2 protein chains.
Amino acid sequence: MHKRAPQDELVFLPLGGSGEIGMNFNAYGFGPENDRQWIIVDCGVLFGREGHTPGVDLIMPDIRFLAEQRQNVLGIVATHAHEDHIGAIAPLWPSLRCPVYATPFTARLITGKLDEAGLASKVKVKEVPVGGSLTLGPFQLDFISITHSILEPNLLAIRTPLGVVAHTGDWKIDPDPLLGEETDTAALEKLGDEGVLALVCDSTNALVPGSSGSEATVRKELAELVATLKGRVAVTGFASNVARLDSVARAAKSAGRRVALVGRSMQKMVAAARETGYLKDFPPVLDETEVADLPAHKVLYLCTGSQGEPRAALARIADDSHPNVELREGDTVIFSSRVIPGNELAIADIQNKLAARGIALLTVDDHHVHVSGHPCRDELSQMYRWIRPKLALPVHGEMRHQVAHAELARQLQVPQAMVPENGQLFRLAPGRPVLIDEVPSGRVHMDGRVLVGEGAGLAKDRRAMAFAGLLVVSLVVDHKGRIAAPPTVLGEGIPEPVEEAVLKAVEATIDGNKRSDIDDLAENVRKAARRAAHDAWGKKPITRVLVNEI
Amino acid sequence: MHKRAPQDELVFLPLGGSGEIGMNFNAYGFGPENDRQWIIVDCGVLFGREGHTPGVDLIMPDIRFLAEQRQNVLGIVATHAHEDHIGAIAPLWPSLRCPVYATPFTARLITGKLDEAGLASKVKVKEVPVGGSLTLGPFQLDFISITHSILEPNLLAIRTPLGVVAHTGDWKIDPDPLLGEETDTAALEKLGDEGVLALVCDSTNALVPGSSGSEATVRKELAELVATLKGRVAVTGFASNVARLDSVARAAKSAGRRVALVGRSMQKMVAAARETGYLKDFPPVLDETEVADLPAHKVLYLCTGSQGEPRAALARIADDSHPNVELREGDTVIFSSRVIPGNELAIADIQNKLAARGIALLTVDDHHVHVSGHPCRDELSQMYRWIRPKLALPVHGEMRHQVAHAELARQLQVPQAMVPENGQLFRLAPGRPVLIDEVPSGRVHMDGRVLVGEGAGLAKDRRAMAFAGLLVVSLVVDHKGRIAAPPTVLGEGIPEPVEEAVLKAVEATIDGNKRSDIDDLAENVRKAARRAAHDAWGKKPITRVLVNEI
């Protein structure tokens, strides 16, 4: 065991996932203030939204604080394989260059993503067995099996010479998770007996009373539903919920239907699960072209796109533009999923297209075809009874969830609860836990193939153009700075009559110009153009003046 | 009564609100095919969304089919005063120039909007008394009082020499609407006895079982809640639900709190209701500055912004940037509203900001603080039992709602049900109702102060720029078409290194140019620039080449 020096501190630093959904990134540091060693727990992404960060595929935390001391970063430990916990490993690894640790199924998916990024040969992804342990410098980690909506979710017991922290990752209490381990309640109780400094815990459902329910009840409902259906059946859901995929496949089998996987992530997940020893009884799946010739009542498609993603299988099926899958009147689509906030309209759009073509829709609004993977209030209470931490640190959620979670912890007599925000550095030990610092934090955008700091304002500039367009005035000046050609105006996303009004205003400004300084003239032209646009249109486009010197 | 000629037909034409939420616009025509007279029932807007139609405030139907025969348009009749039923009257009136008819409260709000648009002196808004009638050419209209989430909602009984149509507008069955008329069930039953050709009916809640509930139960809940609260209370909701505003004011009064209206639309609605004889017992409201000095437990703010609108009162209160209203830890915000689809994230953002500051949130998720204004399945069934139409024409809803509504009508033994889409022209009589034509339809955007057809693609162009930015290459050529100055490149929303790569590619293209045609060169430059951006970035910006001739 690592020895403790008098100056040693144990600190906690969330850089993502606090005050926001997704992008989970937490770090624990140990050592004296100026020479801490760090472990990173989870390194996830958030998906960009067109209305907010247009043109940005992925959003990840700004980790410059850790990147600048990367020689002290001992490793990235992944609790489980959801994108919001592992999706940023590949893009951010080049600035960390540390090993990555995960249980086999999670490691398999991380490796796949590193492979796609061309990093597989550089990064060491080290497998930790399910229920296993790991020592990284002063940190001793036990992987305690819990349940969630994916295979191999882990709560990490993080032991240091100054005490133990319990970090839940995402979890729920599923009494019958169907695949993989059950919640290791004995280990959790034992951990509680040991005495835990802090519980860093999932807040997603902290506003939801009761319990999240079990995959087993969804399995039953799916089997009953599919048995009654005529015509083709398509089931869409989260590909990473392997137990759910298994439930759908079993429902198909009982109903005498063959299963075709439609969409790349379905195929990838099933392959990863099989390669790591799961889904041994999964029925042989057919290719989407193979089932096309079967009678309608012999077919079940398991397809991606439950969130309305425009390029996923379901969107193309709804548009009737999928190369191999065609649904018709009398067929049924089951949405075995919830709506992730922000995707409501995209999903409704797909459902409307399906409904217009006479395809029946079964959703969680009318049938028990989905359960959440996150702990509701009764489950949170149970976790606090097991762990009995001195401090509650609610993470993984929006601020209102974290605040409700902290309030619940106080009601449960946890002596202290603090709602962390990204970039806040907490000293957990020695002494009473306290916020001691704020470090640089923020967001980085994967914009095309380039990582761009949010602060650079690229997406913001484009958002401004989306609102009021762009106006470019091109001037030609000679070597003495005199206008040498008529100005030209280009408007993009601007009504034509507005462009005409702008050109007139620009010409008038040039004609009336008495100054010799070309920069002054350009600025006057810019202002006049913008003003003319505003007068004609009521909006002020971004306006640029290009000066071409001959 | 208008006489019927042998060639006369009664037709129905939805131009908005079918297959979509909002933008309700329906027309009824009577006469021979080439000389029909028309009435318009409702003329509403839809609000633009940043991710879909950036920079567009309002979306309204493309009504060119009716505008081209506006001498035959007898009038616009409004069923009630919601924006999605009256919001397009002012912007579209100049292409119709017909009178507008509505009951007093609705007329008052329409007049206000025409006034803001500078049209009040031109447009005749004619008041129809509550429960009154109106004759427009061959159409005889009875305004039958129903209930909804606003004052004076009307079902229109539209009588013609070829039969009667019942047009519901938006409605529900509220046994105790608190303000205004109750549902005139006697008139509805009598209308059914008369024999109704078609019921054109609200589909919004056709997927929701049961009944929508009553404003009276919300009044009770609000009174009970407000009585228990300490600190300042702010209630947000739809300003147009005057009965709800009254309930909030009564809850405040019972709890010894003074009411301040915060936000322009709250003030406008209360004023309109009072001027038309409602809210006689409404307590005197204070100005937001007047209550600032009262003790916290003596204050209730009734404020706009329940949908997360960034410029409304609540967003500014949440940002702590409102000039006169400040909420603090221990205060409470009640969301007496539902989430309109698409607004989830904006509302969550506000709730997170409030929660972060220790302000409690009460919403429809945990308290009975809102009921829908639209008929659920039991209410729809009741309406079909009253009206007993030969044909069901479900409107006002997304396609999946309309399809479910048509299916319900068939289950209720309505002999025929058709799901109309915008632009479809149905002959309702004589003979069995049938789709006979499709007329030009679509959407028009209020873009800044300019009405632009959706087909012009302005918003679409801006959306493309929001994704991948804009690249402008400026060339200078002399009168012989020779390049006369170094090219310049402007990138907006594009990473700087990408701009540099583009400039190099442009220079290389110019250097290697052997063609004399400047248009050819410009096109080659455009392609090279776009390709270079794609190579460096993975995205293809919109690329324009400006040629300046000296």
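Since the structure is predicted, the reported quantities are computational estimates derived from the model, not experimental observations. Labels below follow one simple rule: chain letters A, B, ... track the order of the sequence lines, proteins then strands, and each chain is numbered from 1.
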Notebook entry, point to check: Relative to chain A, which of B:T488, B:D478, B:I542 shows the most heavy atom pairs under 4.5 Å?
Noted result: B:T488

Next item on the list: Could you look at A:D461 and say if it's the side chain, the backbone, both or neither that has a heavy atom under 4.5 Å from chain B?
Entry: side chain

Item checked: Proximity breakdown for B:H52 and chain A, heavy-atom pairs closer than 4.5 Å -> neither

Next item on the list: Using non-hydrogen atoms and a 4.5 Å limit, figure out which bit of A:E549 sits close to chain B: side chain, backbone, both or neither.
Entry: backbone

Notebook entry, point to check: Heavy atoms, side chains only, cut-off 4.5 Å: are A:L451 and A:H445 in contact?
Noted result: no

Check: What pair of heavy atoms forms the shortest contact from A:A206 to A:A404, and how long is it?
Finding: O-CB, 4.1 Å

Next item on the list: Using non-hydrogen atoms and a 4.5 Å limit, figure out which bit of B:D447 sits close to chain A: side chain, backbone, both or neither.
Entry: both

Next item on the list: Can you establish whether the number of heavy atoms outside A:E329 located under 6.0 Å from its atom CD is more than 12?
Entry: no

Check: Is there a donor-acceptor contact under 3.5 Å linking the side chains of A:H401 and A:S203?
Finding: no

Checklist line | Test: A:R531 and A:D535 ion pair at under 4.0 Å | finding: no

Next item on the list: Assess the side chains of B:E309 and B:N343: does a donor N or O sit below 3.5 Å from an acceptor N or O?
Entry: no

Notebook entry, point to check: Relative to chain B, which segment of A:I21 carries a heavy atom at a distance below 4.5 Å: side chain, backbone, both, or neither?
Noted result: neither

Margin query: Is the shortest side-chain heavy-atom distance between B:H405 and B:V395 below 4.5 Å?
Written below: no

Notebook entry, point to check: Is it the side chain or the backbone of A:A468 that comes within 4.5 Å of chain B heavy atoms, both, or neither?
Noted result: backbone

Check: For chain A, which of B:N548, B:D366, B:V450, B:L354 has the most heavy-atom pairs under 4.5 Å?
Finding: B:N548

Next item on the list: Heavy-atom distances under 4.5 Å only: say whether A:V547 touches chain B with side chain, backbone, both or neither.
Entry: backbone

Next item on the list: Check each atom of A:L470 against the heavy atoms of chain B and say whether the ones under 4.5 Å are side chain, backbone, both or neither.
Entry: both

Checklist line | Interface moiety of A:V403 toward chain B, non-hydrogen atoms closer than 4.5 Å | finding: side chain

Notebook entry, point to check: When heavy-atom pairs shorter than 4.5 Å are enumerated against chain A, which of B:L345, B:D349, B:V419, B:V472 gives the highest number?
Noted result: B:L345

Checklist line | Among B:G51, B:A355, B:A466, residue most engaged with chain A (heavy-atom pairs, under 4.5 Å) | finding: B:A466

Check: In terms of heavy-atom pairs under 4.5 Å, which option from A:A536, A:P341, A:G493 contacts chain B the most?
Finding: A:G493

Check: So what's closer than 4.5 Å to chain B heavy atoms on A:L546: side chain, backbone, both or neither?
Finding: side chain

Next item on the list: For residues B:V56 and B:R462, determine if any side-chain heavy atom of one lies less than 4.5 Å from a side-chain heavy atom of the other.
Entry: yes

Checklist line | B:K539 (side chain) donor-acceptor with A:G55 (main chain) under 3.5 angstrom | finding: yes

Note to self: Given 3.5 Å as the limit, does a donor-acceptor pair link the side chain of A:N352 with the main chain of B:R400, or not?
What the structure shows: yes

